[in-house]
There are 2 protein chains.
Amino acid sequence: MFVRASTDPVFRLSSLGVLGMESDSNPVVSLNEFTYRKGMEIYGEKEPADYVYRVKSGAVRSYKLLSDGRRQIGAFHLLGDIFGLESGGEHQFTTEAIVDTTVRLIKRHSLDSLAANDALVARNLLSMTMDNLRHAENHMLLLGRKTSQERVAAFLLEMDKRLTAAGVMVLPMSRRDIADYLGLTLETVSRVLSRLHELGILGFVGHNQRQIALLDRRQLAGLDR
Amino acid sequence: MFVRASTDPVFRLSSLGVLGMESDSNPVVSLNEFTYRKGMEIYGEKEPADYVYRVKSGAVRSYKLLSDGRRQIGAFHLLGDIFGLESGGEHQFTTEAIVDTTVRLIKRHSLDSLAANDALVARNLLSMTMDNLRHAENHMLLLGRKTSQERVAAFLLEMDKRLTAAGVMVLPMSRRDIADYLGLTLETVSRVLSRLHELGILGFVGHNQRQIALLDRRQLAGLDR
DNA sequence: CGGATCGTTGACCACCTTCAAGGATTGTGG
DNA sequence: CCACAATCCTTGAAGGTGGTCAACGATCCG
């Protein structure tokens, strides 16, 4: 783990809209795709933030490390999410592909010049950053004040909203990833999930511990304050 | 506590620059000052975010509450800080004056129209929001992964940077505020501070427990990872 | 099939919380 | 200016939630 990608990721070109914000008459700026294999680093904390990314397929984790290896995941980036939009020109997180992942990427400086001329693009950048801020603020409440049960319940509800298809969510991330997102250990996450399973609040689909069906969202929401 | 201001705060007019971002030829938008007494609420979570604020004097806490009263303070706003700049038109936090506090306030919609016409203002809004985001991201690491000692050390270093004059910092907030900022109890904060005092890392000035001199910033930084 | 990774569960433990008491400081009214 | 209450801070003792350490089973992947 934490191994730097030694080979260049798969490279392809695309002519789709910038960040999904298709302005009427914009020149298509340097816009292409990369594919990262499971576990590969996309960028490191404190590297220059020259690109902004959008998840085309797969999933990404953003995290910070303490010197002794303790890890805090700040966000998971799923299909359609934009990440890497940071202040000051330096990335604030390290990001890795959780599974094989394809991202669309945009040069930051072309985005900046777009924003300088188009107030709508500027508004979108601000709006996206504020969305990230709101997520971080809610997560501070979770990390600072919620119990393990409340944290896991909140996590399940968040993921349910973001990636449930046909009543089942397929989590791309491991128990350790979940734990590092929730400020817990993987054992505690596992125990709480087992407990919720016993209580009939969730079910595992097949024998895959990452395919989860929420059987009682109402009750789950009650476990989160 | 948590009592809503029943009387209108002191009202004055001012003709200074907007948010400190004096553009060359901007019309001075609705710009005035309010003073809040210690403990008074400035705005509540989920209220419409019609104004943005700048601290002229005093100090402010921004927090979220859980249904049973657990509180997480997301930030302290000190002299010169801007707060209340939120997404979606709704405030994400409740804010209160920690001590008697005067704020300058700006109508949000006038700020928006300014930004629509002036790319520099728009950049400043984005930059400020990104600064808030970075603070929140670092605080997530603290809340999710740091020990009580590391949290208090980080807090002291942050406050030292922001409000030390003549080698002494005068904390406006109580031990409970600090605890709710750091995701601890007030007893734990008190114990850690006592320990740091025993170790000679900090000193109390006079008999006031809120006037603290950092005697060994190097060692303190070592206690934070 | 064999190794590596992942997830679950149990036993024990530590850090921080809870509960409690007492002292110090601040604010208020006489 | 003092008396008194309210708030704040500290400190001690006990307890609990979640962490640590360990073993084992399941799944994945070569």
Side-chain angles (χ1 to χ4, degrees), chain A residues 1-3 37-39 61 66 68-72 96 98-100 142-153 155 170-198 202-212 223 225, chain B residues 1-3 37-39 61 66 68-72 98-100 142-153 170-198 202 204-212 223:
Chain A
M1 232 188 260
F2 306 140
V3 177
R37 289 246 230 310
K38 177 177 174 177
R61 57 180 169 246
L66 294 175
D68 62 358
R70 281 172 288 171
R71 185 178 68 158
Q72 179 62 43
E96 289 171 352
I98 297 176
V99 294
D100 290 355
L142 179 148
L143 293 171
R145 288 301 180 215
K146 292 190 180 178
T147 66
S148 60
Q149 186 167 277
E150 290 165 349
R151 293 178 201 214
V152 172
F155 170 78
V170 182
L171 299 176
M173 70 289 287
S174 68
R175 298 292 190 260
R176 170 167 290 282
D177 285 339
I178 298 172
D180 285 348
Y181 179 59
L182 299 179
L184 300 169
T185 61
L186 63 93
E187 291 94 334
T188 297
V189 170
S190 183
R191 277 184 251 269
V192 173
L193 288 175
S194 295
R195 180 112 208 292
L196 295 177
H197 187 209
E198 283 170 21
L202 62 83
F204 294 101
V205 178
H207 287 270
N208 187 328
Q209 296 108 325
R210 295 196 188 178
Q211 294 188 22
I212 295 178
L223 297 182
R225 297 307 162 102
Chain B
M1 234 188 259
F2 305 142
V3 177
R37 288 247 229 311
K38 177 178 175 176
R61 57 180 169 246
L66 293 175
D68 61 358
R70 282 172 286 172
R71 184 177 70 158
Q72 179 62 43
I98 298 176
V99 294
D100 289 356
L142 179 149
L143 293 171
R145 287 302 179 214
K146 292 190 180 180
T147 65
S148 60
Q149 185 167 281
E150 289 165 350
R151 293 178 201 214
V152 172
V170 182
L171 299 177
M173 70 288 286
S174 68
R175 298 292 189 258
R176 171 168 289 284
D177 286 338
I178 299 172
D180 286 348
Y181 179 60
L182 299 179
L184 301 169
T185 60
L186 64 93
E187 292 93 334
T188 297
V189 170
S190 182
R191 277 185 250 270
V192 174
L193 287 175
S194 295
R195 181 108 209 294
L196 295 177
H197 187 208
E198 283 170 20
L202 62 82
F204 293 102
V205 178
H207 287 271
N208 187 325
Q209 298 106 326
R210 296 196 187 178
Q211 294 187 21
I212 295 178
L223 297 181

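Please read all numbers here as calculations on a predicted model, not as lab measurements. The sequence lines fix the lettering, A, B, ..., with proteins before strands; numbering per chain opens at 1.
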Separation between CG (B:Leu182) and CZ (B:Arg151), nearest 0.5 Å, reads 7.5 Å
Interatomic spacing from CZ in A:Phe204 to CG in A:Leu193 - rounded to 0.5 Å
5.5 Å
Once you round to the nearest 0.5 Å, how far does CG of B:Asp100 lie from NZ of B:Lys38?
8.5 Å
Please give, in whole Å, the distance from C:dT8 P to A:Ile178 CD1?
9 Å
Can you check the A:Gln211 CD to D:dC28 C1' distance for me, whole Å?
14 Å
Of all heavy-atom pairs linking A:Leu223 and A:Ala153, the shortest is CB-CB, 4.1 Å
Would you say A:Ser194 reaches C:dT9's phosphate, i.e. side-chain N/O to OP1/OP2 under 4.0 Å?
yes
Residues in salt bridge (Lys or Arg N to Asp or Glu O under 4.0 Å) with A:Glu150, at least two apart?
B:Arg70
Could you check whether B:Arg195 gets within reach of a base, just the sugar-phosphate, or nothing at all, counting any heavy atom under 4.0 Å?
nothing
d(CE, A:Met173; C1', C:dG7) in whole Å:
16 Å
Whole angstrom is fine here: how far is it from CG in B:Leu171 over to C1' in C:dT26?
17 Å
In this structure, how many angstroms lie between the P atom of C:dT5 and the CG atom of A:Asp177, rounded?
15 Å
Identify whether any heavy atom of B:Ser190 sits under 4.0 Å from a base atom; if not, whether one sits that close to sugar-phosphate; answer base, sugar-phosphate or nothing.
base
Quick one: what's the B/S/- string for nucleotides 12-19 of chain D, heavy-atom cutoff under 4.0 Å, read 5' to 3'?
BB----SS
Take the C1' atoms of the five end pairs on each side of the helix from C:dC1-D:dG30 to C:dG30-D:dC1, derive the two axes, and give their angle rounded to 10 degrees.
50°
Compare all side-chain heavy atoms of B:Arg210 with those of B:Ser174 and state whether any distance is below 4.5 angstrom.
yes
With A:Thr188 via side chain to side chain contact (heavy atoms under 4.5 Å, CB included) - residues at least two apart:
A:Ser148, A:Leu184, A:Thr185, A:Val192
For atom CG of B:Leu142 and atom P of C:dC16, their distance in whole Å
12 Å
Return yes if some donor-acceptor pair links the side-chain N/O of B:Gln72 with the main-chain N/O of B:Tyr181 below 3.5 Å, else return no.
yes
Measure all distances between protein nitrogen or oxygen atoms and nitrogen or oxygen atoms of nucleotides 21-25 of chain C, and list the pairs falling under 3.5 Å.
unit_1: C:dT25; atom_1: OP1; unit_2: B:His207; atom_2: O; d: 3.3

Atom OG in A:Ser194, atom CD in A:Gln209: separation rounded to 0.5 Å?
9.5 Å
Measuring from atom CG of B:Leu171 to atom CG of B:Asp177, what distance do you get when rounded to the nearest 0.5 angstrom?
10.5 Å
Could you check how far NZ of B:Lys38 sits from P of C:dT28, rounded to whole Å?
9 Å
Can you list every pair that meets salt bridge (Lys or Arg N to Asp or Glu O under 4.0 Å) and has a residue in residues 178-197 of chain A, with sequence neighbours left out?
A:Arg71-A:Asp180, A:Asp180-B:Arg145
Distance check needed: C:dT18 P versus B:Arg175 CZ, whole Å only.
19 Å
Distance from A:Glu96 atom CD to A:Arg61 atom CZ, nearest 0.5 Å?
4.5 Å
Please determine whether a side-chain nitrogen or oxygen atom of B:Arg210 lies at a distance below 4.0 Å from atom OP1 or OP2 of D:dC9.
yes
